[in-house]
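Remarks on the structure that follows.
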Amino acid sequence: MSEQGGAPPGRQGGAPPGRQGGAWVPSERAAARTAFRRAQRRRALLVAGVATVVVLAAVVYVVTTAPGWERAREAFFSPGRAVEVLPEVAQGLWLNLRVWVVASAVGLVVGLLLAVVRTSRIPALFPLRMLAVAYVDVFRGVPLLLVLLLVGFGLPALRLPWLPVSAAVLGGLAIVLTYTAFLAEIFRAGIESVHPSQVAAARSLGLSRGQAVRHVVLPQAVRHVAAPVAGMLVSLQKDSGLISILGAVDAIRAAQIATTGDYNFTPYVVAGLLFVAISVPLTRLVDAWSARQGWRGQLSGVAGAGALR
Amino acid sequence: MSAGVSAPLLSLRGVRKTFGTGAEQRAVLDGIDLDVAEHRCVVLIGASGSGKSTLLRVVDLLEDVDDGQVLLDGQDVADPWVDADAVRARLALVFQQYNLFPHLRVLDNLTLAPRVAHGRPRAEAEAEARQMLERVGLAHKARAYPDQLSGGEQQRAAIARALVGRPELLLLDEVTSALDPALVGEVLDLLLSLRSEGTTMLVATHEMGFARDVADEVVFLHDGRIHERGTPQQVLDDPQRERTREFLRRLR
């Protein structure tokens, strides 16, 4: 298909690859290959650029020529309104962030514990193991929204004196309940992905079963699942917005309050942009981290791990 | 060569091990009797699937036996009430696939068991580990991760890890089978020098030259049974059984 970069060098072409005065000088053949690759890269960049412009132009055209565009722009993208509500929405976002940090910490610790309990073979832990199975089955199956409603409105109805009734705390609890179940399953997959020969090696050296789990299995298991776990945490940050249905004034709730007077929905867009502004850097950070961490001892030496023609 | 009169360090008596159930069941070890006296080296030979690896794993208590005795200094360690961790700490098994811990640096691979299982202080464990790495020619790789080493280096590190616990018996499971031919030599040289220091060994190998060099006794396993045993000269040069001859012929 492509005629870029000139013809491939002929077999008879050029001086033999070799050394002149000791230093390696690329042969004509190598130079031709380099030039061809460079031309292909230029072409790829050009195609990507053109494609992007075309798609963006099409989107802009469809949206701006829509019959309701003028009104939609006023209702959703009013710059003045956005500046006005930014402080309130940002303050609500602070609550989201606190819920995120606490829920993540609890979810990681409890999730890992559940996974260890579930994979252990200690007879005394049998009842706990059954509980862990039941817990994971239930909370992975029930929609988060339902857990929020049941915890948020059901628990206070019990009128337990020691139970905090703050919507943020109850909402956070509901999120923790659901996310811990998913995190436990991811950690369990990680534990089971560590090859049995690793345990055999550890036991052979005299480590007890518990020591082998603690020092050999878990460090590898956690590295194996670092990327999916981090993905769950990013998703948790976003779902922390669901506590607004219990009345906690987080970013979404703050935006909702701001829309009640004038039916201008710009605050929602502001809230959405703020969530994205946090989750995008978070995702990139996690990618960079797991690229550095996650592969130690796995595939780093596998041939062909790079891009292929 | 006489084995001496003292009780052997390791004795297997009628060891039987099966895998699978019902019609699938098959005896991987079918009544094995074997002795390894202190400072002696017994080499197991036989085709893949003949039971060599299983035998070593049984001795290291990584597999339970179906029947028979595994006597270590006269104590039957196959009994389930024996403290298996304490028994394993006296032995060391080196695996075909090295089984180094990929998340730990070479030095930490060596110090993990001394620190965690035997409660040795880190400084002490590291000093000994460095000495052992020196011994196997890997002192300069102490800070490297296993996947940064060549196959031969990984296996030498695994041997160092096994030796750092000062095992009374070294079990070697085809330790050169996963290596490039060019890298086999460095590992065998190391084992030969360990042998010359009097390390007690039970070795499964496909390297007949190595078997000839280190073995006091060569044992030929076939289908979970010992078909022939004797000095290397007897078994390798003048095998009496047809199966042994056939096995050796195919190796050439």
Side-chain angles (χ1 to χ4, degrees), chain A residues 112 115-116 119-123 186-187 189-230 289-306, chain B residues 53 56-57 59-63 83-106 108-120 144-151 154 157-158 160-167 169-173 178:
Chain A
L112 189 58
V116 171
T119 50
S120 88
R121 280 187 269 161
I122 303 170
I186 296 179
F187 281 127
I191 288 172
E192 283 169 0
S193 75
V194 177
H195 198 273
S197 64
Q198 287 287 308
V199 178
R203 301 302 304 278
S204 170
L205 289 166
L207 271 68
S208 70
R209 197 188 293 276
Q211 288 167 338
V213 169
R214 157 88 180 73
H215 294 280
V216 174
V217 175
L218 283 187
Q220 296 183 58
V222 169
R223 280 170 173 82
H224 287 183
V225 298
V229 163
W289 178 78
S290 55
R292 250 169 19 103
Q293 279 285 317
W295 297 106
R296 169 62 60 210
Q298 284 201 72
L299 293 171
S300 53
V302 172
Chain B
S53 292
L56 293 174
R57 292 174 64 89
V59 171
D60 205 27
L61 305 188
L62 295 175
E63 307 279 357
D83 178 1
D85 292 336
V87 173
R88 290 194 200 97
R90 299 173 58 187
L91 311 171
L93 173 58
V94 182
F95 300 83
Q96 184 176 350
Q97 297 291 346
Y98 337 128
N99 291 2
L100 291 169
F101 305 128
H103 62 295
L104 297 178
R105 296 175 193 276
V106 168
D108 299 324
N109 260 279
L110 266 68
T111 60
L112 181 67
R115 285 192 297 114
V116 170
H118 310 304
R120 306 279 299 280
Y145 283 96
D147 64 358
Q148 294 165 331
L149 305 183
S150 75
Q154 290 192 45
R161 183 177 71 175
L163 291 174
V164 92
R166 305 197 179 288
L169 170 63
L170 189 59
L171 308 165
L172 301 165
D173 186 6

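Treat the numbers as computed from the prediction; the structure is a model and nothing was measured. Numbers restart at 1 for each chain; the letters A, B, ... are given by sequence-line order, proteins then strands.
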Turns out that what part of B:Asp60 lies under 4.5 Å from chain A's heavy atoms comes down to side chain

Chain B shares the most heavy-atom pairs under 4.5 Å, among A:His195, A:Arg214, A:Arg203, with A:Arg203

Turns out that what part of B:Leu62 lies under 4.5 Å from chain A's heavy atoms comes down to side chain

Most heavy-atom pairs under 4.5 Å with chain A, out of B:Arg57, B:Arg161, B:Gln97, belong to B:Arg161

When rounded to the nearest 0.5 Å, the distance separating NE2 of B:His103 from NE2 of A:His224 is 10.0 Å

>> Any non-hydrogen side-chain atom of A:Pro219 less than 4.5 Å from a side-chain atom of B:Phe101?
In response: no

Between A:Gly206 and B:Ala117 the two heavy atoms that sit nearest each other are O-CB, 3.5 Å

The interface call for B:Leu100 against chain A, heavy-atom contacts under 4.5 Å, is backbone

A:His215 (side chain) donor-acceptor with B:Ala113 (main chain) under 3.5 angstrom = no

One should read off an interatomic distance between B:Asn99 CG and A:Ser204 OG, to the nearest 0.5 angstrom, of 9.0 Å

What one should report as the nearest heavy-atom pair of A:Leu207 and B:Asp85 is O-OD1, 3.7 Å

Between A:Gln220 and B:Pro102, the two heavy atoms sitting closest are OE1-CG, 3.3 Å

